[in-house]
Student: 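I have a structure I would like to understand better, so I am pasting it below and will then ask my questions one at a time.
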Amino acid sequence: MATPAASSPFQSDFLRVLDERGFLHQGSDLSGLDALLRQGPVGAYIGFDATADSLHVGHLVSIMVLRWFQKTGNRPVVLIGGGTTRIGDPSFRDTSRPMLDDAQIAANMGGIGRAFAQYLSFGEEATGAVMVDNADWLDELRYIPMLRDIGRHFTVNRMLSFESVKLRLDREQPLTFLEFNYMILQAFDFLELSRRHGCRLQMGGSDQWGNIINGIELARRVDGTELFGLTTPLLTTASGAKMGKTAAGAVWLNADRRSPHDFWQFWRNTEDADVGRFLRLFTELPLDEIARLEALRGSEINEAKKILAHEATALCHGAAAAAEAGETARRVFEEAGAGGGLPTVEAARADLAAGVRLADLLTAAGLAESKGAARRLIRDGGARVNGTPVTDEAALLTPADLDGDRLIRLSAGRKRHALLRVR
């Protein structure tokens, strides 16, 4: 076991890593968990409902937590919510999730599972990752025994006090009885996973704190088992945007939903103020190297962004795909910037500050025959700005879209490109 760093109050490798790299938000009994982790391999899980056929960058904090959990000598359990997806987690949502049928859920589960193969090592060894489906036990529950044996441990008074419930009610949005049961089922998942797989810890985003505490209390009352919980912070970018969201929607992890090249570009376009934080969370670079990179200033910070893009893409899609994406970007930006022959349009910095319509720029650059064609290109998902798809026909480019100080790359499809230079 590595010697704990002086900057961290924790003795266990796992909690020390989480603390030093910025993953840690809340814990139910961190000193007790710290002691447990020092005794040997511990089982822990994070749950993912199958609401889409791919996870996205917003899930990466949780995935990286599971990866670090395994790398520090423990056994991660990936819980796919084949059962709870039929209900939908109401946490901090204004409306109910769309109801999915069994075929959609099964297809989504298959797509989600592919992402974890890149980040975790599955196997029978003591630290081998396990993937389970909560439909295996939730589908078998009988209603009356569930009410009698599990439901009696939950009071409506307490359930109504949770922020996720209060938010919906305060906004006078309906919360169905179906959704109200979600927190009970998630608590039951923790109890069941402690029985089946020896999970002593549940982890998740900070919006899951109430649900995690429910599971801890349920296991204590029903089985007399001591369980633990911890949460990670919900991330936003330095400008306040939700992590992993773009004008075109989620930044998917599966290559068939978002190409490795576009995934690389997403990280390359990171805001300067986020570079150090994202290097700690989404790469495995040593902390001293990250400190060096985040100290770079001016145009040099772009080198740190390229390293972030390479490391994050290599974890998700493999080193070869990351290298290819980086080389493609180099050819397009650096060679074109040196006069490599791409069509070029110009805009005054003052105009860009006010916002320049993307459709007008696509037309001026020759990527669309007319403004109407440009709007159709955008609407149909064929337009990209610095590798990121844009589907809003009224989208405006601003200085926030600059790559470096003067360039913005415009694309129609994957093979036709132009440069916007700012004067």
Student: Less than 4.5 Å apart, side chain to side chain, heavy atoms only: is that true for Phe23 and Leu230?
Tutor: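 No, every pair of side-chain atoms sits at 4.5 Å or beyond.
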Student: With a 4.5 Å heavy-atom cut-off, do Leu362 and Ile378 have their side chains touching?
Tutor: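 They are in contact (side-chain heavy atoms under 4.5 Å apart), so the answer is yes.
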Student: Compare all side-chain heavy atoms of Leu315 with those of Leu60 and state whether any distance is below 4.5 angstrom.
Tutor: no
Student: Give every residue pair that meets the salt bridge (charged side-chain N to carboxylate O under 4.0 Å, His left out) criterion with at least one member in residues 56-70, sequence neighbours excluded.
Tutor: Arg67-Glu284
Student: Quick one: are Ile212 and Ser28 in side-chain contact, heavy atoms under 4.5 Å?
Tutor: no
Student: Does Arg21 use its side chain to pair, donor to acceptor, with the backbone of Leu287 at less than 3.5 Å?
Tutor: no
Student: Within the distance-only criterion (no hydrogens, no angle test), does the side chain of Ser54 pair as donor or acceptor with the backbone N or O of Asn254 below 3.5 angstrom?
Tutor: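 Side chain of Ser54 to backbone of Asn254: a pair is present.
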Student: For Asn214, enumerate each residue passing the side-chain hydrogen bond (donor to acceptor under 3.5 Å, both in side chains) test, keeping only those at least two apart in sequence or located in another chain.
Tutor: none
Student: For the pair Phe282 and Phe278, name the ring-plane relationship: parallel under 30°, tilted 30 to 60°, perpendicular over 60°.
Tutor: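 The arrangement is perpendicular - the two ring planes meet at more than 60°.
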Student: Taking atom types as modelled and ignoring hydrogens, do the side chains of Thr232 and His25 form a donor-acceptor contact shorter than 3.5 angstrom?
Tutor: no
Student: Just by distance, with hydrogens left out, do Gln186 and Gln202 show a side-chain donor and acceptor under 3.5 Å apart?
Tutor: yes
Student: For residues Asn134 and Gly83, report the shortest heavy-atom separation together with the two atoms involved.
Tutor: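 Looks like OD1-N, 2.7 Å.
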Student: Using modelled atom types only, decide if a donor and an acceptor are shared between the side chain of Arg75 and the backbone of His197 within a distance under 3.5 Å.
Tutor: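 Such a contact is found between Arg75 side chain and His197 backbone.
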Student: If every non-hydrogen atom of Leu361 is compared with every non-hydrogen atom of Leu397, which pair is closest and at what distance?
Tutor: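 Shortest heavy-atom separation between Leu361 and Leu397 comes out as CD1-CD1, 3.6 Å.
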Student: Out of curiosity, Asn302 CG to Leu308 CG, how far, rounded to the nearest 0.5 Å?
Tutor: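 The CG atom of Asn302 sits 12.0 Å away from the CG atom of Leu308.
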Student: If I take atom OG1 from residue Thr85 and atom OH from residue Tyr182, how far apart are they, to the nearest 0.5 angstrom?
Tutor: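 OH of Tyr182 is found 7.0 Å from OG1 of Thr85.
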Student: Is the shortest side-chain N to carboxylate O distance from Arg16 to Asp13 below 4.0 Å?
Tutor: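 Yes.
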Student: Do Leu36 and Glu226 pass the side-chain contact (heavy atoms from CB on, under 4.5 Å) test, and can you show the C-alpha distance, the side-chain angles, and the key distance before you say yes or no?
Tutor: CA-CA 11 Å; Leu36 176 67; Glu226 183 182 19; over 6 Å; no
Student: Is there a side-chain contact (heavy atoms from CB on, under 4.5 Å) between Leu420 and Val356? Walk through the geometry before answering.
Tutor: CA-CA 11 Å; Leu420 169 65; Val356 180; over 6 Å; no
Student: Rounded to the nearest 0.5 Å, how far apart are CD1 of Ile216 and CG of Asn211?
Tutor: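 Between Ile216 CD1 and Asn211 CG, I get 11.5 Å after rounding to 0.5 Å.
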Student: Hey, does the side chain of Arg297 reach the backbone of Ala295 with a donor-acceptor pair shorter than 3.5 angstrom?
Tutor: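 Yes.
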Student: Could I get the full list of salt bridge (Lys or Arg N to Asp or Glu O under 4.0 Å) partners for Arg220, not counting sequence neighbours?
Tutor: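 So Arg220 forms no salt bridge (Lys or Arg N to Asp or Glu O under 4.0 Å) with any residue.
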Student: Which pair of heavy atoms, one from Gly32 and one from Phe228, lies closest together, and at what distance?
Tutor: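 Gly32 and Phe228 have their closest heavy atoms at C-CE2, 3.7 Å.
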Student: Do the non-hydrogen side-chain atoms of Met131 and Ile80 ever get within less than 4.5 Å of each other?
Tutor: yes
Student: Treating Arg258 as the side-chain partner and Leu253 as the backbone partner, does any N or O pair qualify as donor plus acceptor under 3.5 Å?
Tutor: no
Student: For Arg221, check side-chain hydrogen bond (donor to acceptor under 3.5 Å, both in side chains) against everything at least two apart and list the hits.
Tutor: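 Testing Arg221 for side-chain hydrogen bond (donor to acceptor under 3.5 Å, both in side chains), a comparison that skips the adjacent residues, returns none.
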Student: Any donor-acceptor pair under 3.5 Å linking the side chain of Asn269 with the backbone of Gln265?
Tutor: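 Indeed, once roles are kept as given, a pair shorter than 3.5 Å links the two residues.
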Student: Please report the shortest heavy-atom distance between Ala238 and Ala273, naming the atom on each side.
Tutor: CB-CB, 3.7 Å
Student: Sequence neighbours excluded, which residues qualify as side-chain hydrogen bond (donor to acceptor under 3.5 Å, both in side chains) partners of Asp133?
Tutor: none
Student: Does anything in residues 289-324 form a ring-ring contact (aromatic ring centres under 6.0 Å, His included)? List the pairs, not counting sequence neighbours.
Tutor: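 Every pair satisfying ring-ring contact (aromatic ring centres under 6.0 Å, His included) with a residue in residues 289-324: Phe263-His317.
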Student: Any idea which heavy atoms bring Ala412 and Leu377 closest together, and the distance?
Tutor: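 Shortest heavy-atom separation between Ala412 and Leu377 comes out as CB-CD2, 3.7 Å.
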Student: Would you say the side chain of Phe69 lies within less than 4.5 Å of the side chain of Leu37, judging by non-hydrogen atoms?
Tutor: yes
Student: Enter the distance from Thr84:OG1 to Leu138:CG here, rounded to the nearest 0.5 Å.
Tutor: 6.5 Å
Student: Does a side-chain heavy-atom distance below 4.5 Å link Ser62 with Met203?
Tutor: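 A side-chain contact under 4.5 Å is absent here.
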Student: Who passes salt bridge (Lys or Arg N to Asp or Glu O under 4.0 Å) against Glu311, sequence neighbours left out?
Tutor: none
Student: With Arg277, which residues qualify under side-chain hydrogen bond (donor to acceptor under 3.5 Å, both in side chains), at least two apart?
Tutor: Asp274
Student: Let me check something: any side-chain donor-acceptor pairs from residues 112-130 under 3.5 Å, sequence neighbours excluded? List them with distances.
Tutor:
unit_1: Arg114; atom_1: NH2; unit_2: Asp256; atom_2: OD1; d: 3.3
unit_1: Arg114; atom_1: NH2; unit_2: Asp256; atom_2: OD2; d: 3.1
unit_1: Gln118; atom_1: NE2; unit_2: Cys316; atom_2: O; d: 3.2

Student: Please find the pair of heavy atoms, one from Phe190 and one from Leu201, that lie closest to each other, and give the distance.
Tutor: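 Taking every non-hydrogen atom into account, CZ-C, 3.7 Å.
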Student: List the steps, then state whether side-chain contact (heavy atoms from CB on, under 4.5 Å) holds for Tyr143 with Leu147.
Tutor: CA-CA 6 Å; Tyr143 189 61; Leu147 288 178; 3.5 Å; yes
Student: With sequence neighbours excluded, what pairs up with Glu271 under the salt bridge (Lys or Arg N to Asp or Glu O under 4.0 Å) test?
Tutor: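 If we apply the salt bridge (Lys or Arg N to Asp or Glu O under 4.0 Å) test to Glu271, skipping adjacent residues, there are no hits.
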Student: Working to the nearest 0.5 Å, report the span between CD of Glu324 and OG1 of Thr313.
Tutor: 11.5 Å
Student: Going by the rule salt bridge (Lys or Arg N to Asp or Glu O under 4.0 Å), which residues pair with Asp136 if we only count those two or more places apart in sequence or in a different chain?
Tutor: none
Student: Are side-chain heavy atoms of Trp137 and Val132 found at a separation under 4.5 Å?
Tutor: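 Yes; the side chains approach each other to less than 4.5 Å.
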Student: Rounded to the nearest 0.5 Å, what separates atom CG in Asp189 from atom OH in Tyr45?
Tutor: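 Spacing of CG (Asp189) from OH (Tyr45) equals 5.5 Å.
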Student: Got a list of side-chain donor-acceptor pairs under 3.5 Å for residues 102-110, not counting sequence neighbours?
Tutor:
unit_1: Asp102; atom_1: OD1; unit_2: Arg86; atom_2: NE; d: 3.3
unit_1: Gln104; atom_1: OE1; unit_2: Asp101; atom_2: N; d: 3.0
unit_1: Asn108; atom_1: OD1; unit_2: Asp53; atom_2: N; d: 3.3
unit_1: Asn108; atom_1: ND2; unit_2: Ala50; atom_2: O; d: 3.0
unit_1: Asn108; atom_1: ND2; unit_2: Gln104; atom_2: O; d: 3.4

Student: Take a 6.0 Å sphere around CZ of Arg148 and say whether it holds more than 12 heavy atoms from other residues, nucleotides or ligands.
Tutor: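 Yes, enclosed.
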Student: May I have the step-by-step check of side-chain contact (heavy atoms from CB on, under 4.5 Å) for Val17 and Phe14, ending in yes or no?
Tutor: CA-CA 5 Å; Val17 167; Phe14 177 63; 5.7 Å; no
